[in-house]
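Because the structure is predicted, anything quoted here is derived from the model rather than measured. In what follows, every chain begins at residue 1, and chains take the letters A, B, ... in the order their sequences are listed.
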Amino acid sequence: MAFSIYNTLTRKTETFEPVHEGRVGMYVCGPTVYGHAHLGHAKSYVSFDVLVRWLRYLGYDVTYVQNITDVGHLTDDADQGEDKLAKQAVREKRHPMAIAEYYTASYFADMDQLNCLRPDISPRATGHIPEQIELVQTLLDKGFAYVVNGSVYFDVATFKDYGKLSGRNREDMQAGARVEVNAEKRNPADFALWKKAEPGHIMQWNSPWGRGYPGWHLECSVMSMKYLGQTVDIHGGGIENQFPHHECEIAQSEAANGVPFVKYWVHNNMVTVNGQKMGKSLGNFILLKQLFQGDHEVLSRAYDPLAVRQLILQSHYRSPIDFSDAALTAAQSGYDKIARSVMTLRNRKVTALQGEVDQVVCVELDRLQAKFEEAMNDDLNTSVALSVLFELIRLSVGQLENDSATVETLDAIDNLFHRLGGNVLGVVKEQYTQAAENDDELLDHLMQLMIEQRQTARKNKDFKAADVFRDRLAECGVILEDKPGGITTWRRK
RNA sequence: GGCGGCGUAGCCAAGCGGCCUAAGGCGACGGUUUGCAAAACCGUUAUUCGUGGGUUCGAAUCCCACCGCCGCCUCCA
């Protein structure tokens with residue numbers, strides 16, 4: 001069965017066939033780096049990470065490009081609103097590029113925790129200003145754009161396909177227009193390609209039209225074309241970007257190139273928190289760092305990044321997901337079960353006997369792999385794929401209870417955990433350690449416990465036992481030092 | 001006002017015309033195990049899919065109506 005994916009452009013699930021056989025170019029709208037990543041980023045990038053991993057599993061040579069938006073565009077196309085990066089820069093009293101640098105590093109750190117593979121290319125918008133100017137010039141030359149007072153706008157009336165992605169037409173939008181009309185535009189639906197910089201605007205560049213900065217749809221078109229060609233196989237992003245962002249990308253790209261910009265548009269759905277849209281003003285805005293540390297009033301504890309990943313994969317990427325403390329707790333329990341089962345299996349391999357692979361187990365493994373592949377091929381049904389992992393656990397448990405299970409049989413099971421749970425879903429780790437993330441704190445507590453036990457022995461004049469404590473700890477590389485006043489401290493050797 | 005989605009057990013969630021008297025996870029309950037716990041393991045937990053009609057030999061799955069919830073249409077992943 002071939003891989004099928006839902007294409008927003010055609011509103012159908014289609015069999016996936018890349019433009020060039022065996023190779024896939026995939027572009028995903030990346031974050032604007034003016035703050036730490038939040039739950040919405042997690043859902044989006046975990047979903048696309050699984051898509052990349054699945055394509056690679058299928059044998060495609062994937063080039064995954066995800067931009068970093070390091071120039072904060074205006075909040076709308078009218079001459080109002082603020083540049084988000086500049087705003088944050090003022091708040092933090094740092095240069096906008098320092099802000100971008102800082103939050104880019106933060107973003108990658110969070111995505112690493114979620115076990116998202118790094119994109120092959122992470123191009124920065126500010127590193128592609130010449131290319132963006134070039135595209136604007138092309139559009140002007142071809143008559144799809146016009147200059148007004150140092151700004152350049154795309155003339156929507158010249159592009160007949162405008163609205164094909166989002167199912168809108170210009171008439172409807174004019175009827176329901178809410179955005180204050182920018183007097184410079186010929187048509188309210190026209191969008192900025194290049195904006196004239198106001199005197200106070202920090203991030204600005206020279207252009208044929210004067211000092212200014214690029215419109216917010218431009219960077220994705222330019223960087224997608226530069227690294228992946230005029231027609232990319234997959235362009236992904238959040239559903240909220242379907243209009244106007246992606247619609248505008250299509251318009252400017254196809255007007256310039258005369259060929260389709262994207263073959264498959266893939267959009268993932270949004271997250272809610274406790275049933276409501278996540279928003280800064282609603283008090284339910286959760287950053288990933290807060291989630292991983294349990295540092296938020298709606299959270300009862302810290303959650304393992306991979307448990308969060310598992311929660312995301314439990315539902316479909318095109319369905320909205322509601323994050324709640326209860327949902328996270330449930331996902332954490334499920335994740336712990338997988339981790340413990342895999343650990344138990346791997347530990348057992350050390351002592352198991354050598355021999356033949358159990359053929360009955362093999363047949364079952366083949367069945368599970370087929371079920372997994374079928375689910376993933378069906379528009380990435382990660383929920384069913386994940387359920388296969390739990391079936392695999394049951395199979396594994398059965399073998400662990402069987403004293404004559406061979407290393408080879410256990411290996412075959414582990415191999416499937418590794419390939420399906422690890423390589424594809426990214427919830428099974430390569431290596432598990434008993435140690436917690438915050439080892440130092442744990443160590444402190446354990447040492448305190450040890451010292452208390454030894455104090456009790458000393459109080460009872462059981463110096464022999466007290467010495468055994470000290471000697472055994474010394475063997476572990478820990479030195480105990482008895483200070484005056486009955487205080488005992490410890491240090492590493 | 002325009003566009004789109006959703007409503008399946010206590011909770012999350014898959015299924016999208018017959019294999020469904022509906023996966024999987026969490027929780028709960030009963031049992032095995034345990035000095036007691038924890039963990040682990042076994043079992044039970046929806047004859048029914050928001051409500052009411054209709055189409056069909058057959059519907060959770062298609063159509064209509066109604067009720068309820070959510071998102072997008074302004075930057076947002």
Distance in angstrom units between Met376(A) CE and A14(B) C1', rounded: 14 Å

Residue Pro244(A), side-chain heavy atoms: nucleotide from C75(B), G24(B), C70(B) that is nearest: C75(B)

Nearest-neighbour nucleotide for the Trp216(A) side chain, A23(B), C72(B), C75(B) considered: C75(B)

Please list, pair by pair, any protein nitrogen or oxygen found under 3.5 Å from a nitrogen or oxygen in nucleotides 10-12 of chain B.
none

Residues which pass ring pair (Phe, Tyr, Trp, His ring centres under 6.0 Å) with Tyr107(A), listed by chain and number, not counting sequence neighbours: Tyr45(A)

Ring pair (Phe, Tyr, Trp, His ring centres under 6.0 Å) against Tyr264(A), all qualifying residues, sequence neighbours excluded: Phe16(A)

Gap between atom CZ of Arg56(A) and atom CG of Leu51(A) - 0.5 Å precision: 10.5 Å

Passing candidate, side chain to side chain contact (heavy atoms under 4.5 Å, CB included) with Asp358(A), options Val363(A), Thr409(A), Leu410(A), Leu365(A): Thr409(A)

Ring geometry between Tyr57(A) and Trp54(A) (parallel below 30°, tilted from 30 to 60°, perpendicular above 60°): parallel

Closest to the Ser387(A) side chain, choosing from C26(B), C70(B), A23(B): A23(B)

Structure string for RNA chain B in dot-bracket form, Watson-Crick and G-U at under 3.5 Å, | interchain: ((((((((.[[[..)..(.....]]]((((((.......))))))....[[[[[..)....]]]]])))))))....

Test: Arg301(A) and Asp325(A) ion pair at under 4.0 Å: no

Strand contacts (RNA chain B) in residues 412-426 of chain A, 4.0 angstrom heavy-atom criterion: none

Touch class at under 4.0 angstrom, heavy-atom based, for Arg11(A) against every strand present: nothing

Euclidean distance, atom NE2 of residue His38(A) to atom P of C76(B) [Å, nearest integer]: 11 Å

Under 3.5 Å donor-acceptor pair, Ser383(A) side-chain atoms to A23(B) base atoms: yes

Nearest listed nucleotide, side chain of Phe390(A), among C76(B), C26(B), G24(B): G24(B)

Asn381(A), nearest nucleotide to its side chain (from G27(B), G15(B), A77(B)): G15(B)

Side-chain touch Arg309(A)/Tyr335(A), heavy atoms, less than 4.5 angstrom: no

Summary of protein contacts for nucleotides 36-41 of chain B, nucleotide by nucleotide, where a base hit scores B, a sugar-phosphate-only hit scores S (4.0 Å, heavy atoms): ---SSS

